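Along the sequence shown, residues are numbered consecutively beginning with 1. Everything numeric here is computed off the predicted structure, so don't read it as measured data.
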Amino acid sequence: MTLGGARARRARAVRAALAAGALLAVFALTGCGAGSVAAAGTPGRATPHRSTHTPRATPTPTSTSAATSAASPTPAPTGTGMPAPTSSVPPTPGMVGFDKAAQSTSLASSLWVVVNKPRALNPVDYVPADLTFPDVPNVNHQPMRRETAAALVTMFHAGKSEAGLDFSVQSAYRSFESQTRVYADDVSRNGQAYADTDTARPGHSEHQTGLAVDISAVPARCSLDACFGETPQGRWLAANAWRFGFLLRYPADKVAVTGFTYEPWHFRYVGTPLATELHSARVATLEEFFALPGGTAYTQ
């Protein structure tokens, strides 16, 4: 081989090596992977670029209820030291409870006063300061306290509009002196043992508070008699009086608690909040609701 031929071959080898290096540099600059470079090692063959990037998923729309559910707080795991979430729902009246100490059960002037055989009025000669006469039929023309009168008028109107019934007041407020006469008359006619079952001794009568009303039917039927409970008026009052703040004070099945025989005509005003609570709790007597003494024996 001649010197010139050898030089020519070395020159061609150098040019080939330079061309290969340039090609590698191009692929490195374009970011192709090793597989692409290897495939591109064959001259004249085009290799497509394959991206290694994972496509981003398109989020799926959610409903308002689902979004709200997802956003609801969950209780913190036990032992994390994080406070448990609290409810933002406002409490209901049932959750709050009824305050039995909101008014006195001992003062004669209180709407919630509990007077019975072992509990005399305080003071015993109490006279209400706000006696008035309601604009309703009133057999004995006796007054009552102002709030009692207003509630009674509303109740009588409701009985008329809802059931077509008419009512009258048979008796209402009686003073200590008046109650003394009523009790003495009962004793003289029936004896003290009998009188103590249906007539309160003076100082122990709800009528003296101005909050008690004896109601009768119009036209008169079963007035001041147990059969009043079977009249349309008696049945309506027993079912609806609580709505207006009244309580059927002497139920037939609570004689041992109240100390008095069944009086379906005798209604005691206690105010709508207490009457509603008694109705909701299904408690029939003030003695049971306030856990106060009652019974058939006088102790004062």
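There is a side-chain donor-acceptor pair under 3.5 Å between Tyr183 and Asp196. With 3.5 Å as the limit, one finds a donor-acceptor pair spanning the side chains of Glu147 and Tyr269. Residues Thr261 and Thr197 bring no donor and acceptor atom of their side chains to less than 3.5 Å of each other. Looking at Thr285 and Glu288, their side chains do bring a donor and an acceptor atom within 3.5 Å of each other.
Considering Thr272, Val270, Thr148, Ile215 as possible partners of Phe246, the one that fulfils the side chain to side chain contact (heavy atoms under 4.5 Å, CB included) test is Thr148. For the pairing with Phe176, the side chain to side chain contact (heavy atoms under 4.5 Å, CB included) check across Ser205, Pro202, Pro123 returns one residue only, Pro202.
Remark: side-chain polar atoms of Ser161 are paired, donor with acceptor, to backbone N or O of Ala158 under 3.5 angstrom. With hydrogens and angles disregarded, a donor-acceptor distance shorter than 3.5 Å links the side chain of Gln179 to the backbone of Ala200. Side chain of Asn140 to main chain of Ser171: no donor-acceptor pair is present (N/O by atom type, distance under 3.5 Å, no hydrogens or angles).
Closest non-hydrogen pair, Pro143 versus Phe133, comes out as N-CE2, 3.5 Å. The two residues Val115 and Glu206 come nearest to each other via the heavy atoms CG1-CG, 3.6 Å. The heavy-atom pair separating Val113 from Leu121 by the smallest distance is CG2-CD2, 4.5 Å. Summarising the geometry of Thr209 relative to Pro128, their closest heavy-atom pair is O-CG, 3.5 Å, with the distance given to 0.1 Å. Between Glu287 and Val257 the shortest heavy-atom distance is CB-CG1, 3.7 Å. Smallest separation of non-hydrogen atoms from Pro118 and Gly294: CG-O, 3.6 Å.
To the nearest 0.5 angstrom, Thr154 atom OG1 is 7.5 Å from Phe244 atom CZ. Ser175 contributes atom OG, which lies 9.5 Å from atom CD of Gln142 (distance to the nearest 0.5 angstrom). Rounded to the nearest 0.5 angstrom, Leu292 CG and Leu286 CG are separated by 8.5 Å. Rounded to the nearest 0.5 angstrom, Glu230 CD and Arg235 CZ are separated by 6.5 Å. Taking CG of Asp198 as the start and CD of Glu263 as the end, the distance is 7.0 Å to the nearest 0.5 Å.
Contact check for Arg249 versus Lys254: no side-chain heavy atoms found under the 4.5 Å cut-off. You'll find the side chain of Phe167 stays beyond 4.5 Å of the side chain of Pro137, heavy atoms only. Looking only at side-chain heavy atoms (C-beta outward), Phe98 and Phe289 come within less than 4.5 Å of each other. Side-chain contact between Leu152 and Met144 is present, with at least one heavy-atom pair separated by less than 4.5 Å. Contact of the Thr132 side chain with the Arg145 side chain is not registered, since no non-hydrogen atoms from C-beta on lie closer than 4.5 Å. Two residues are said to be in side-chain contact when any heavy atoms from C-beta on lie closer than 4.5 Å; Trp265 and Ser216 fail this criterion. Under the 4.5 Å side-chain criterion, counting only non-hydrogen atoms from C-beta, Phe290 is in contact with Leu274. Counting heavy atoms from C-beta on, the side chains of Ser106 and Arg119 come closer than 4.5 Å.
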Legend entry - Working for side-chain contact (heavy atoms from CB on, under 4.5 Å), residues Leu165 and Lys160: CA-CA 5 Å; Leu165 300 173; Lys160 181 66 172 180; over 6 Å; no
Inset, instruction - Apply side-chain contact (heavy atoms from CB on, under 4.5 Å) to the pair Leu237 and Leu248, showing each step before the final yes or no. - result: CA-CA 8 Å; Leu237 288 169; Leu248 175 59; over 6 Å; no
Legend entry - Worked verdict on Thr276 versus Trp242 for side-chain contact (heavy atoms from CB on, under 4.5 Å): CA-CA 6 Å; Thr276 301; Trp242 67 272; 4.0 Å; yes
Legend entry - Residues Tyr194, Asp186; criterion side-chain contact (heavy atoms from CB on, under 4.5 Å); working and verdict: CA-CA 8 Å; Tyr194 181 87; Asp186 199 359; 4.2 Å; yes
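In this pair, His207 and His266 present their aromatic rings perpendicular. The plane angle is above 60°, beyond the 30 to 60° band. Under the 30°/60° scheme for interplanar angles, the aromatic rings of Tyr298 and His204 are found to stand perpendicular.
Under a 4.0 Å N-O distance rule, the pair Arg181/Asp185 does not qualify as a salt bridge. Using a 4.0 Å cut-off between charged side-chain N and carboxylate O, Glu162 and Arg243 make a salt bridge.
Residue Phe267 is not grouped with residue Val139 when hydrophobic side chains (ILVMFWY) are merged at heavy-atom distances under 4.5 angstrom, including chains of intermediate members. A continuous path of Ile, Leu, Val, Met, Phe, Trp and Tyr side chains, each step under 4.5 Å between heavy atoms, connects Val153 with Met155, placing both in one hydrophobic cluster. Linking ILVMFWY side-chain heavy atoms closer than 4.5 Å, directly or via other members, places Leu111 and Val283 in a single hydrophobic cluster. Under the 4.5 Å side-chain heavy-atom criterion for ILVMFWY residues, a single connected hydrophobic cluster contains both Val136 and Val213. Val169 and Tyr173 are members of different hydrophobic clusters when ILVMFWY side chains are connected at heavy-atom separations under 4.5 Å.
Atom CG of Asp135 is surrounded by 12 or fewer heavy atoms from other residues, nucleotides or ligands within 6.0 Å.
Geometric assessment of Lys117 against the ring of Phe260 yields a positive cation-pi assignment under the 6.0 Å and 45° thresholds. Taking the ring axis of Phe228 as reference, the NZ or CZ atom of Arg221 does not stay both within 45° of it and closer than 6.0 Å to the ring centre.
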